[in-house]
Amino acid sequence: MPKKVTTDSAIEIKEVYTAADVPSSTQIEMPGQFPFTRGVQEDMYRGKLWTMRQYAGFSTAEESNKRYHYLLSQGVMGLSVAFDLPTQIGYDSDHALAEGEVGKVGVAIDSIEDMHTLFKGIKLEEVSTSMTINATAYILLSFYVALAKQQGADLNKITGTIQNDILKEYAARGTYIYPPQPSMRIITDIFEWCSKELPKWNTISISGYHIREAGSTAVQEIAFTLSNGKAYVQAALEKGLDINVFGRRLSFFFNAHNNLFEEIAKFRAARRMWASIMKELGATDPRAMMLRFHTQTGGSTLTAQQPQNNIARVTVQTLAAVLGGTQSLHTNGFDEALSLPTEEAARIALRTQQIVAFESGAADTVDPLAGSYYIESLTNEIEQKAYELIATIDAMGGSVSAIEEGFIQDAIARSSYDYQRKIENGEKIIVGVNKFQTTEKDTTPVFKIDDSIRQIQTQKLASLRNNRNPAKCDQVLQGLSDKVTAGENIMPTVIEAVEQKCTLGEIADTLREIYGEYK
């Protein structure tokens, strides 16, 4: 009996595909037109290449600033900022719960002064910045806006993205602070404020990346992500916002894994599905129906064994993202299963994108795999299976209910367990891990973070508190508390608070006192 072959989402792969596997309707779809299966721009990369980003942030703002200048000098088009755990969950570096974590998995940002140092010598009008931040996104965006104002920048020209996707934090990642409902309210405040004051800013990056990192399949990644997207749109509509305005500033963030064709089909299916979902929710402007997305290569696919093999993995994943039509891409360093990336690893990762862009021919025509019997069939199958999952979530009352009931978390956990079991029994081969192993000792240099960073940040905070007006800080934080209680938009007051040198922890705590923490 012939061996059954499936994708990682358990979609069975036929030995050969023919025209009978593809409905005739897909033959008339064109890029830049609804439902955008073939891409959101008519000319895609012939008009403009994807934005090449490198995700970086570690230690202090001074150290991260040096890495940003290095990356910009090497041809990076946009910066992606990684924040440390205390910053992500709203604690200043001198808080007892920050001990041992300051500057470790990202940069420590406690105040407007840290933000000033982080972007020293970088004009915010001239660079697109993506910030991977969720529970405290409203504070980090306020730091960024306050800094832009200090630089004399035109806020109408500022471009970038905050992740700001709290639902996937409850489902897959864990850096939440407040309960789901108040968190949704903060997110819609950001939508509303940015639509008037920061019109080119992407107010959310609805993220499948961490859902996939937690162990989901490709089908679950897009189903859960698009379902979360629906929840954000519905919350914004309930607030009275115009879907054709805020819909244009929604962006997505997906993972790219090693199964090349499944990943390409996943990106194509996600675009087509989101266009239909937005149309059903009332969007009439095609720009509000476009799924624009950033991709990062799969962190969980990187191996500590034979780490140089990760260069090949990242290359396959880069091709998947480009052939799938990404708008922006970060490529992981080959050493990231061991530590934060060294400068050399970051450079090789960027060069991988540049080689695909300028040497491979992958960017020469729009959606080059369109019309492939296999790709078109796989796109349709992924779409069908993802819609089945979304229907289950809708029947539960939507993503917030599905998360509160643990449905999404349980589904991801089951997929993760199943995948690991296949690796352990040899059904799934990971080169260098469960096959083709070597006995040589790995000598890859690792990037270490000094534990003295917390002391440095603590001294900075003491200096900041000694050089500000305490009465004005108290006044503006009380004003923020009043705005939260009254249900008014908090963004103008948070910006005012950071300008008065209130710290990230003080602002986060003001909301903690009202909303409490989600357990």
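Note that the structure is predicted; figures quoted are calculated from it, not measured.
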| task | Applying side-chain contact (heavy atoms from CB on, under 4.5 Å), run through Lys230 and Asp394 and close with a yes or a no. | result | CA-CA 10 Å; Lys230 278 177 74 173; Asp394 285 347; 2.7 Å; yes

Check: [Y] main-chain N/O paired with [X] side-chain donor or acceptor under 3.5 Å:
X	Y	result
Thr87	Ile109	yes
His257	Thr217	no
Glu197	Leu155	no
Gln409	Ile403	yes
Gln150	Glu499	no

Tell me yes or no: between the side chains of [X] and [Y], is some donor less than 3.5 Å from an acceptor?
X	Y	answer
Asp165	Ser205	no
Thr175	Glu169	yes
Lys48	Gln41	no
Arg313	Thr303	yes

From [atom1] ([X]) to [atom2] ([Y]), nearest 0.5 Å:
X	Y	atom1	atom2	result
Leu141	Leu198	CG	CG	6.0 Å
Ile453	Glu101	CD1	CD	12.0 Å
Thr37	Glu29	OG1	CD	3.5 Å

| task | Go through His116 and Asp114 one step at a time and tell me if the side chain to side chain donor-acceptor pair (under 3.5 Å) criterion holds. | result | CA-CA 5 Å; His116 196 279; Asp114 285 335; over 6 Å; no

| request: List the steps, then state whether side-chain contact (heavy atoms from CB on, under 4.5 Å) holds for Ser9 with Glu381. | output: CA-CA 10 Å; Ser9 296; Glu381 284 205 65; over 6 Å; no

Could you check whether the rings of [X] and [Y] sit parallel, tilted or perpendicular, using 30° and 60° as the cut-offs?
X	Y	result
Tyr138	Tyr178	tilted
Phe191	Tyr232	perpendicular
Tyr144	Trp201	tilted

| Yes or no on side chain to side chain donor-acceptor pair (under 3.5 Å) for Gln353 and Thr318, after CA distance, side-chain angles and deciding distance? | CA-CA 7 Å; Gln353 293 199 50; Thr318 299; over 6 Å; no

| Arg351 atom CZ, neighbour heavy-atom count above 12 within 6.0 Å | yes

| Phe261 atom CZ, over 12 foreign heavy atoms within 6.0 Å | no

| Any side-chain heavy atom of Ser64 sitting closer than 4.5 Å to one from Tyr68? | yes

| task | State, with a plain yes or no, whether a side-chain heavy atom of Val233 is found less than 4.5 Å away from one of Leu250. | result | yes

| message | As a quick check of understanding, evaluate side-chain contact (heavy atoms from CB on, under 4.5 Å) for Arg272 and Thr379, giving each step before the final call. | response | CA-CA 10 Å; Arg272 185 157 74 204; Thr379 301; 3.7 Å; yes

| Full working for side-chain contact (heavy atoms from CB on, under 4.5 Å) between Phe246 and Thr203 | CA-CA 8 Å; Phe246 74 80; Thr203 51; 5.9 Å; no

| request: Determine, stepwise, if the pair Glu63 / Lys66 fulfils salt bridge (charged side-chain N to carboxylate O under 4.0 Å, His left out). | output: CA-CA 5 Å; Glu63 290 302 311; Lys66 287 176 195 170; 3.2 Å; yes

| cation_pi(Lys279, Phe34) dist<6.0 Å, angle<=45 | yes

